[in-house]
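Remarks on the structure that follows.
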Amino acid sequence: MEGDVPAAAAAHYQPASPPRDACVYNSCYCEENIWKLCEYIKNHDQYPLEECYAVFISNERKMIPIWKQQARPGDGPVIWDYHVVLLHVSSGGQSFIYDLDTVLPFPCPFDTYVEDAFKSDEDIHPQFRRKFRVIRADSYLKNFASDRSHMKDSSGNWREPPPSYPCIETGGTSPVNNFLRFKEIKSSSPSCCCLAFAQ
């Protein structure tokens, strides 16, 4: 059933988050959605925060395909400039992906998510292959900040309505857009195989 972890994978796993519809969510602000999810996990202390990671997905061309996204009903992919998900490497032996934009279960077993949402790099033109930056959740909470300027057009208008809560500020700094540093994907960044450790 959509929205629930498949029974076999969920037998000994309790989600680290509230149900999907109870999570903080703003369309097109995935980096903030995942920051808020990391904050929830830290505050509720169900799992060690050290088991969780923010995963930035992009490439040099800022064009990456991800399947099974709410923004694209049907079988085709959404082409994002970047996307952010949460990875929980559970001490119970199974890892899970938390993606608030997917139609896959929430959370989704790692293997299922990789197979259904990423497909195979062999089927993707090299210029669209995804690269990953994996950041420890505690570091993400401590260092991420965004002034949301990347979501404004050249006239200063919002491309998508911003979240109602204030900009995320960390480390006692003003909300500088260090978000851009977090999502920077360099040519040396590993491709999908870098997530194999999580299986």
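These numbers come from a predicted model, not from an experiment. FYI, the numbering just counts along the sequence from 1.
Pairing each heavy atom of Y82 with each of C28, the nearest pair is OH-O, 4.2 Å. In terms of heavy-atom proximity, I34 sits nearest to Y98 at CD1-O, 3.8 Å. Of all the heavy atoms in W67 and G76, the pair that sits closest is CD1-C, 3.8 Å. Here the closest heavy-atom approach between residue P163 and residue E32 is recorded as CG-OE1, 3.7 Å. When all heavy atoms of S17 and Y40 are compared, the pair lying nearest together is CA-CE2, 3.8 Å. Nearest heavy-atom pair across L49 and A137 is CD1-CB, 3.7 Å.
Side chain of H44 to main chain of Q46: no donor-acceptor pair is present (N/O by atom type, distance under 3.5 Å, no hydrogens or angles). One N or O on the side chain of Y29 and one on the backbone of E160 form a donor-acceptor pair closer than 3.5 Å. With hydrogens and angles ignored, the 3.5 Å screen pairs a side-chain donor or acceptor of N59 with a backbone N or O of M63. No side-chain donor-acceptor contact under 3.5 Å links N157 to the backbone of D153. Of the possible polar contacts, one joining the R159 side chain to the H150 backbone as a donor-acceptor pair under 3.5 Å is found.
Using a 4.5 Å cut-off on side-chain heavy atoms (C-beta onward), L86 and I41 make contact. In this structure, F56 and E31 have side chains that are in contact, with non-hydrogen atoms separated by less than 4.5 Å. A 4.5 Å side-chain heavy-atom check between W35 and S146 finds every atom pair outside the cut-off. Contact annotation: the side chain of H83 approaches that of D101 to within less than 4.5 Å [non-hydrogen atoms, C-beta and beyond]. Contact check for I66 versus Y113: side-chain heavy atoms found under the 4.5 Å cut-off. You'll find the side chain of I79 reaches within 4.5 Å of the side chain of P65, heavy atoms only. At least one side-chain heavy atom of I124 sits less than 4.5 Å from a side-chain heavy atom of R130. In this structure the side chain of C52 never reaches within 4.5 angstrom of the side chain of K42, judged on heavy atoms.
Distance check, rounded to the nearest 0.5 Å: CZ of F110 to CD1 of I97 gives 6.0 Å. If you take OG on S91 and CD on E50, they are separated by 11.5 Å, rounding to the nearest 0.5 Å. We find the NE2-CZ distance between H125 and R129 to be 8.5 Å, quoted to the nearest 0.5 Å. We find the CZ-CZ distance between R61 and F128 to be 6.0 Å, quoted to the nearest 0.5 Å. Atom-to-atom distance recorded for C30:SG and W80:CH2 is 7.5 Å, nearest 0.5 angstrom. To the nearest 0.5 Å, atom SG of residue C108 and atom CD of residue E115 are 10.0 Å apart.
Linking Ile, Leu, Val, Met, Phe, Trp and Tyr residues whenever their side-chain heavy atoms come within less than 4.5 Å leaves L100 and M151 in two separate clusters.
Between T112 and D116, the side chains place no donor N or O within less than 3.5 Å of an acceptor N or O (distance only, hydrogens not considered).
Electrostatic pairing of K36 and E39 counts as a salt bridge here, judged by a charged N lying under 4.0 Å from a carboxylate O.
The ring of Y53 has its center no closer than 6.0 angstrom to the ring center of F132.
The only member of Q70, Q69, R20 that meets side-chain hydrogen bond (donor to acceptor under 3.5 Å, both in side chains) when paired with D99 is Q69.
Between Y47 and Y13, the angle of the ring planes stays under 30°, which puts this pair in the parallel group of the 30/60° scheme.
Surrounding CG of N43 are more than 12 heavy atoms belonging to other residues, nucleotides or ligands, all under 6.0 Å away.
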* Could you go step by step and tell me if V24 and Y165 meet the side chain to side chain contact (heavy atoms under 4.5 Å, CB included) rule? -> CA-CA 10 Å; V24 174; Y165 56 81; 3.8 Å; yes
* Asked: Does the pair N33 and C23 meet the rule for a side chain to side chain contact (heavy atoms under 4.5 Å, CB included), with working shown?
  -> CA-CA 8 Å; N33 296 334; C23 290; over 6 Å; no
